[in-house]
Amino acid sequence: MMENSDEKSSKKPCKNPYDPNCMSSLKHWGEPPPESETSGVKKEAIVDCGWGRLIFGQTFSDPQKLAVEICKEKKGRRDIAMYMRDPHVVLSYVPQELFLDPSITYRLDFQNYSGNCLKIHGLKIRPVNSRDDEAAINAIYQAWGMVPSYKGFYSSVLQSGSVHVLVAEELSSGSIVGAVTGVDHFRAFNDADNGSSLWALAVDKQCRIPRVGETLVRELILYFIEQGRRFIDLSVMYTNKEAKALYDKLGFEQVPVYCIKTKNYINEPLFTAPEPDEKVNVYAGILIDEARRRGIGTEIVDAENGFFRLSFGGRSIACRESLSELTSAVAMSRCDDKAVTRKILQAAGLKTPAQKVVTGASDIKSFLATYDSVVVKPARGEQGEGVCVDLKTLDEVKNAINRASELCEKVIMEEYVQGEDLRIIVIDDEVVAAAVRKPASICGTGIHTVAELIEKQSRRRAKATQGESKIPLDEETQRCVENAGYSLDHTLPKDKVIQVRKTANLHTGGTINDVTSRLHPKLIAAAIAGAGVLSIPVVGFDFLVPTVEGDEYVIIEANERPGLANHEPQPTAEKFIDLLFPKTKHHV
């Protein structure tokens, strides 16, 4: 096949494109080639490929500058840096942002290539048409979990001399069933090696025509031969046996070229270790996943109870969900006893409801006489267990005290304060999330009983929270239903909504709605001050507020092991791991 002399490199090609001593694209160690061999080569060359940027590392003289450039990747894109010298040095500048891609690079020497194009019945290979092909190509990419090109890219690519996109069209339907992108290195930056590369090969999963991918590859090879290029490179995942077999068949050989990518969510499976065999709950899992993304070692100690250990750079920290060794035993004990929590917060000038530790019958009568409605709770406990709210009669209070005393000898009566139940998460003296919690409620159908509706709602909540949220059919639920004027056996009228719990705890069927951006500054300040006086690095405060936009509040509890998974998409897991391992913070 004749070469296009106008597009042929003016530089004398190396006789052997597999020889690192004369190929700047292969020499990944030592001193760069002399200026005399690279004169005219564009410095710091980058090519926009639609799904991301291709960054040519051999055109960067400073490894730190190359590392910084890779970190400029835009959200939703997938940049790739190749051909750099000393890739380990590049990684050393931002090791928590970048990783060495576990792919293999193959090269095909055009001088020894004797293949021809394939003639597949019913298939046509042609250059991309920007107006008609963009949606179809992106649909194929998305079906494979690949990054689609941004809108309008294929219009610009037609004007570019360095990017060449081919599509495979099914003649009978006119549908696009495959695509491949080629990058002309000589046109991109006057490449001294006179090379090219192949990217983003994909075939429609529903395509009935065989060998579409091979046909696209062969056509792209022939295109670059016509342009006078010397070789073509491609990168393939080391586990992709089918693709590797095809490239072996076409005469490609592996070469010592490495890719560096950013640790974004798209690349996550490539840089995280295999998932632990033992399954933990969602509260431990969200933290373990974030640690694994950063290359932090994880060890499951007790999956059932949420215990795990994280290790990085000689530092090892044991955790139980969001409770870590950084929380002292003293700080934990301050939160563990609700009466102690209130005393410390009140002494610091923070607002808390009136409270009384039950010591005898006279305490109950005097407290109930002072406050029309009270809350009874065990001094120690979590997940809302044993808490009864909005009690108005002496019998209700006594019954609630008896139930609470079964969980803890020390029982508290508290002034009942109406308002929205607000959970604020403080990590390392910063409010990172806030959410309003709503008590469990049901909506009547006119067909189902209250008990049936509770059971259905409980199943839905359990499914949505991986089993963490359920509505218990206990005495407290029965009391709330009866206060609403019904019994568990009643058929609830259509569209009638009743609360079946007074507390808004997630574990008893409550729902949670993010309000982080709406918090009044005084609520933020109160939460941070509370964490300070309790000397606790991670805490979830329970506030009662008339409105989250206002400055009125009371703090009713402090949880030393808050469920951070309940606050997604706020960055609770990221902030927790930042606290434990500050050197792994992302600095993009």
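Two residues are said to be in side-chain contact when any heavy atoms from C-beta on lie closer than 4.5 Å; I232 and F252 meet this criterion. The shortest distance between side-chain heavy atoms of F271 and P102 does not fall below 4.5 Å. At least one side-chain heavy atom of N267 sits less than 4.5 Å from a side-chain heavy atom of R78. Counting heavy atoms from C-beta on, the side chains of V167 and R126 come closer than 4.5 Å. Within the 4.5 Å cutoff, no side-chain heavy atoms of L580 are placed close to those of E325. The side-chain heavy atoms of R293 and N264, taken from C-beta on, include no pair separated by under 4.5 Å. In this structure the side chain of V539 never reaches within 4.5 angstrom of the side chain of P562, judged on heavy atoms. Side-chain atoms of P20 and M23, non-hydrogen and from C-beta on, never get closer than 4.5 Å to each other.
A donor-acceptor distance shorter than 3.5 angstrom exists from the side chain of Y141 to the backbone of A200, with no hydrogens or angles considered. Judged by distance alone, the side chain of T572 and the main-chain N or O of L564 form a donor-acceptor pair under 3.5 Å. Side-chain N or O atoms of D86 include none that pairs as donor or acceptor with a backbone N or O of V89 at under 3.5 Å. Here the side chain of D193 pairs a donor or acceptor atom with the backbone of S25 at under 3.5 angstrom. A donor-acceptor pair under 3.5 Å links the side-chain atoms of R334 to the main chain of L534, judged by distance alone. Side chain of N190 to backbone of G40: a donor-acceptor contact under 3.5 angstrom is found. Within the 3.5 Å criterion, the main-chain N or O of I137 finds no donor-acceptor partner in the side chain of Y154. Remark: side-chain polar atoms of S235 are not paired, donor with acceptor, to backbone N or O of S103 under 3.5 angstrom. Between the side chain of T105 and the backbone N or O of P256 there is no donor-acceptor pair closer than 3.5 Å. Formation of a donor-acceptor pair under 3.5 Å by the K205 side chain with backbone atoms of A143 is found in this model.
Atoms CG and CH2, from D79 and W51 in turn, are 8.0 Å apart once rounded to the nearest 0.5 Å. Distance CZ/F307 to CG/L323: 8.0 Å, rounded to 0.5 Å. Within the model, atoms CZ of R294 and CG of D289 stand 12.5 Å from one another, a figure rounded to the nearest 0.5 Å. Note: I221 CD1 to F110 CZ = 6.0 Å, rounded to the nearest 0.5 Å. Taken from NE2 in H567 to OG1 in T516, the straight-line distance is 8.0 Å, to the nearest 0.5 Å. The line from SG of C319 to CG of L326 is 7.5 Å long, rounded to the nearest 0.5 Å.
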Walk me through whether T298 and R309 qualify under side-chain hydrogen bond (donor to acceptor under 3.5 Å, both in side chains).
CA-CA 6 Å; T298 60; R309 180 174 290 278; over 6 Å; no

Test salt bridge (Lys or Arg N to Asp or Glu O under 4.0 Å) applied to K151 and E134, step by step:
CA-CA 8 Å; K151 187 175 182 180; E134 182 175 292; over 6 Å; no

I'd like to know whether I176 forms a side chain to side chain contact (heavy atoms under 4.5 Å, CB included) with D204, so could you lay out the CA-CA distance, the side-chain angles of the two residues, the decisive distance to 0.1 Å, and finally the verdict.
CA-CA 8 Å; I176 302 301; D204 187 350; over 6 Å; no

So I140 and V203, side chain to side chain contact (heavy atoms under 4.5 Å, CB included) or not? Walk me through it.
CA-CA 7 Å; I140 293 172; V203 177; 5.9 Å; no

Please lay out, stage by stage, how L26 and Y83 fare under the test side chain to side chain contact (heavy atoms under 4.5 Å, CB included).
CA-CA 7 Å; L26 297 186; Y83 308 114; 5.9 Å; no

Before you tell me yes or no, could you show the steps for N281 and E304 under side-chain hydrogen bond (donor to acceptor under 3.5 Å, both in side chains), namely the whole-Å CA-CA distance, both residues' side-chain angles and the distance that decides it to 0.1 Å?
CA-CA 8 Å; N281 65 31; E304 182 180 358; over 6 Å; no

Step by step, would you call R85 with W29 a side chain to side chain contact (heavy atoms under 4.5 Å, CB included)?
CA-CA 5 Å; R85 286 176 179 265; W29 70 93; 5.9 Å; no

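Between I70 and R53, the closest heavy-atom pair is O-NH2, 4.2 Å. Here the closest non-hydrogen pair linking A434 and L519 is CB-CD1, 3.4 Å. Of all heavy-atom pairs between T262 and F99, the closest is O-CE2, 3.2 Å. Nearest heavy atom pair, residue S316 against residue S311, reads OG-OG, 3.2 Å. Nearest heavy atoms, S24 versus Q58: O-CB, 4.0 Å. V533 approaches A348 most closely through the heavy-atom pair CG1-CB, 3.5 Å.
Ion pairing between a basic and an acidic side chain is recognised when a charged N comes within 4.0 Å of a carboxylate O; K263 and E97 show no such pairing. A salt bridge is absent between D302 and R320: the closest approach of a Lys/Arg side-chain nitrogen to an acidic carboxylate oxygen does not fall below 4.0 angstrom. Ion pairing between D191 and R229 fails under the 4.0 Å rule for side-chain N and carboxylate O.
Residue pairs satisfying the salt bridge (Lys or Arg N to Asp or Glu O under 4.0 Å) criterion with at least one member in residues 233-262, sequence neighbours excluded, are listed as follows: D101-K261, R107-D233, E214-K249.
A donor and an acceptor atom, one from each side chain of H185 and S197, are located under 3.5 Å apart. Residues N138 and Y150 have side chains that never bring a donor and an acceptor to within less than 3.5 angstrom of each other.
Aromatic rings of Y258 and H88 (six-membered ring for Trp) have centroids beyond the 6.0 Å cut-off, not under it. The ring of F56 has its center closer than 6.0 angstrom to the ring center of F189.
Annotation: W144, atom CH2; neighbour count of heavy atoms from other residues, nucleotides and ligands within 6.0 Å does not exceed 12. Heavy atoms from other residues, nucleotides or ligands lying under 6.0 Å from NZ of K74 number 12 at most.
For the ring-ring contact (aromatic ring centres under 6.0 Å, His included) test, no residue two or more places apart in sequence or in another chain qualifies with Y113.
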